Each structure stands twice: as structure tokens, then as C-alpha cells.
Amino acid sequence: MSLAIRVIPCLDVKDGRVVKGVNFQDLRDAGDPVELAARYESQGADEITFLDVSASREGRATMLEVVSATAEQVFVPLTVGGGVRSVADVDRLLQAGADKVGVNTAAIERPELIAQVAERFGNQVLVVSVDARRCPAGVRTESGYEVTTHGGSRSTGIDAVAWAARAVELGAGEIMLSSMDADGVKEGFDLEMLDEVRRVVSVPLIASGGAGSPQDFAQAARHGADAVLAASVFHFGTMTVRQAKEAMAAAGLEVRW
């Protein structure tokens with residue numbers, strides 16, 4: 001684990017606005033992405049993550065504008081994902097001002113993309129997103145977790161823990177582990193899943209999905225997360241970034257102030 005645990009607000013962007021739902025359903029407006037990013041920077045966010053949830057041709061153009069506008073005003077690292085399908089997509093986002101780029105579905109379909117991006121830009125810019133859930137009826141994997149795509153709506157039958165390990169072998173610099181079961185539910189992170197993935201990957205591990213209280217952040221860190229990502233609890237005023245860091249500091253964990 002890294003010495004200081006990072007707190008990362010996540011902004012799901014659709015048509016130029018931040019949205020948030022539960023289990024990726026019933027999206028509601030949460031504000032302007034540039035304004036929210038600036039607010040979170042002022043609260044002490046270590047990084048900001050943007051996810052393009054429309055990811056159409058128009059959505060990608062809109063996201064490039066959002067990234068450029070944010071990079072001009074916000075000076076913490078920006079990670080951008082959603083609809084990234086090629087080395088050229090990564091290049092465009094980095095040129096727009098992203099510091100890191102997240103890949104998900106395209107990496108599952110073409111694992112060689114991970115190696116191609118890492119070779120071209122270095123693995124420090126590559127975050128592989130693993131959207132995982134506990135296996136539903138009719139699906140079995142060795143770990144009991146499977147990878148999903150399309151916002152958790154499509155089953156792949158791929159073992160999530162094994163896929164995270166393979167992604168690192170191919171060149172992923174970080175793993176963003178998102179629990180589709182816990183997304184937006186605010187009942188805590190899937191700590192068992194964190195334990196399983198932490199056991200097989202050595203790169204930084206970002207926990208996502210389930211934050212409901214400041215103490216949830218500390219729990220995730222104690223189960224191997226190097227960074228903890230959340231969305232709705234920040235967007236809708238449940239807590240601030242600073243409160244999340246205060247809870248981790250009170251638990252004896254190192255954070256950046």
C-alpha cells in the first residue's frame with residue numbers, strides 16, 4: 001500500500017452534467033462538473049475521476065471539453081474513463097488535460113489494449129476499471145465474483161479477481177475495483193471482494209461503490225485500498241472530502257492534508 005490513502009471524488013458525466021443514481025439506474029442531476037471538481041479540490045481531494053456515462057461520439061466530444069475546462073482550473077490529477085477503446089482515445093484525453101485514463105469494456109474485449117497503452121504512455125497513466133459483482137444464479141467463477149460491463153448490466157462470466165491480476169500482468173498501473181452490488185447503496189464497500197483482489201495485485205487498488213459514512217473509507221483502507229472513491233455522498237452533501245480524511249486519520253491511517 002502507498003503511505004497516504006487517497007480520497008477521490010468521482011463525477012459521472014452525461015451530456016456535460018454530473019449525474020448519479022443507484023446501481024447505475026435512475027440517474028439524477030448533481031451539478032456542473034467543473035464547479036464540482038473545483039469544490040472537491042478546495043476540500044482536499046487528492047484526485048478527481050470523470051466517467052463519461054454517455055460515451056457516444058457526442059459524449060466523447062463533450063467530455064474532452066469538460067476535461068480541458070477542468071484542467072485549466074483544477075490542479076489535482078484528473079482520471080478520465082468511459083468509452084475509451086483505443087490508444088488514440090487515450091492520446092486525445094491526455095492531450096485534453098487528463099493525467100490518467102481508465103479503460104474497462106475495451107480491455108475485456110481486447111486485453112492487448114492494456115499492453116499497447118502501457119507501452120505507448122507508461123503504466124502510470126493507465127487505470128483498469130473492474131466492475132464486479134457477486135455471481136448471480138447460473139454464473140460460477142472460482143472467486144465467486146464476476147466482471148460485468150455496460151454499467152453492471154451485462155454478465156461476462158469472467159472471474160473478477162483473476163481478471164484484475166491479468167490486467168496488472170498486461171500493464172495496468174492501477175486497478176479501480178467497483179462493486180456493482182454496492183454502487184449508490186451507501187451501506188459500505190464490499191470488503192471481502194477488496195481482500196480477494198488485494199491478495200493478487202501489487203499495484204495501487206482503488207475501492208469504489210458503497211460509501212455511506214466517513215468510517216466506510218477507513219474500513220476500505222484497512223482492507224487494502226490505496227485510494228477510496230465515492231460520488232453521491234459528496235455530491236449530495238452527506239459528507240465532505242475532509243470529513244472522510246478525518247475519519248481515516250482518526251483510525252490511524254495516513255492521509256494528505
Side-chain angles (χ1 to χ4, degrees), residues 5-14 18-27 30 47-53 55 79-84 100-108 114 126-136 141 143-156 158-168 172-198 200-201 203-212 216-217 219-221 223-235 244:
I5 308 300
R6 290 170 286 150
V7 176
I8 307 175
C10 180
L11 283 63
D12 296 330
V13 179
K14 184 177 190 296
V18 176
V19 296
K20 188 58 189 167
V22 177
N23 301 128
F24 284 74
Q25 302 297 316
D26 301 322
L27 300 179
E47 299 178 14
I48 303 289
T49 290
F50 287 119
L51 296 180
D52 182 353
V53 298
T79 299
V80 185
V84 177
K100 305 177 192 176
V101 175
V103 296
N104 187 345
T105 302
I108 294 167
I114 297 173
L126 181 57
V127 180
V128 171
S129 299
V130 180
D131 292 347
R133 67 180 176 187
R134 294 173 184 267
C135 290
T141 66
S143 69
Y145 297 96
E146 74 155 340
V147 176
T148 65
T149 61
H150 300 81
S153 64
R154 297 190 186 180
S155 171
T156 67
I158 298 171
D159 188 299
V161 176
W163 169 239
R166 186 181 180 205
V168 172
E174 294 186 68
I175 296 293
M176 182 190 298
L177 181 65
S178 300
S179 169
M180 296 297 97
D181 300 315
D183 177 71
V185 178
K186 302 182 185 178
E187 294 182 354
F189 296 90
D190 189 328
L191 302 178
E192 293 179 4
M193 185 167 69
L194 268 175
D195 288 339
E196 288 297 306
V197 175
R198 177 79 282 170
V200 300
V201 303
V203 300
L205 178 60
I206 304 167
S208 171
D216 290 335
F217 288 76
Q219 279 195 322
H223 283 259
D226 299 278
V228 187
L229 179 147
S232 55
V233 290
F234 295 142
H235 301 339

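The structure displayed is predicted, hence computed values, not measured ones.
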Non-hydrogen side-chain atoms of V128 and I175 separated by less than 4.5 Å: yes

Could you tell me whether the side chain of M176 reaches within less than 4.5 Å of the side chain of T49, counting heavy atoms only? yes

Check whether any side-chain heavy atom of K186 lies under 4.5 Å from a side-chain heavy atom of D216, and answer yes or no. no

Backbone N or O of V53 within a donor-acceptor pair of the D12 side chain at under 3.5 Å? no

Could you report the tightest heavy-atom contact between A160 and S143, atom names first, then the distance? N-OG, 4.4 Å

Got a sec, which residues hit side-chain hydrogen bond (donor to acceptor under 3.5 Å, both in side chains) with Q219, two or more places apart in sequence or on another chain? none

Correct closest heavy-atom pair for I8 and A227 would be CD1-CB, 3.8 Å

Note: V200 and A165 closest approach over all heavy atoms is CG2-CB, 4.0 Å

Please work out which of the three classes, parallel, tilted or perpendicular, describes the rings of F217 and F189, given edges at 30° and 60°. perpendicular

Got a sec, which residues hit side-chain hydrogen bond (donor to acceptor under 3.5 Å, both in side chains) with T156, two or more places apart in sequence or on another chain? none

Side-chain contact test, heavy atoms from C-beta onward, threshold under 4.5 Å: evaluate it for V130 versus Y145 and give yes or no. no

With sequence neighbours excluded, what pairs up with E192 under the side-chain hydrogen bond (donor to acceptor under 3.5 Å, both in side chains) test? R134

Residue of the set L191, V197, D190, L205 for which side chain to side chain contact (heavy atoms under 4.5 Å, CB included) holds with H223: L191

Measuring from atom OG1 of T79 to atom CD of E47, what distance do you get when rounded to the nearest 0.5 angstrom? 5.0 Å

Write down the atom of P204, the atom of D226, and the distance for their closest heavy-atom approach. CA-OD2, 3.3 Å

Mind running side-chain contact (heavy atoms from CB on, under 4.5 Å) on F234 and V7 for me, showing each step along the way? CA-CA 11 Å; F234 295 142; V7 176; 3.9 Å; yes

Checking V161, L177, D181 against M193 for side chain to side chain contact (heavy atoms under 4.5 Å, CB included), the one that qualifies is L177

L11 vs H235, side-chain contact (heavy atoms from CB on, under 4.5 Å): CA-CA, chis, key distance, verdict: CA-CA 9 Å; L11 283 63; H235 301 339; 4.1 Å; yes

Grab the two heavy atoms, one from I114 and one from A172, that are nearest each other, plus how far apart they are. CG2-N, 3.6 Å

Spatial distance of atom CE (M180) from atom OG1 (T149) [nearest 0.5 Å]: 10.5 Å

With distance as the sole test, does T148 use its side chain to make a donor-acceptor pair with the main-chain N or O of D131 at under 3.5 Å? yes

Grab the two heavy atoms, one from C10 and one from A231, that are nearest each other, plus how far apart they are. O-CB, 3.4 Å

Mind checking side chain to side chain contact (heavy atoms under 4.5 Å, CB included) for S155 and listing every partner two or more places apart, or none if nothing turns up? R133, V139, E146

For E196, the salt bridge (charged side-chain N to carboxylate O under 4.0 Å, His left out) test, sequence neighbours excluded, returns R199

Residues passing the side-chain hydrogen bond (donor to acceptor under 3.5 Å, both in side chains) test with S129, sequence neighbours excluded, are none

Rounded to the nearest 0.5 Å, how far does OG of S178 lie from CG of N104? 8.0 Å

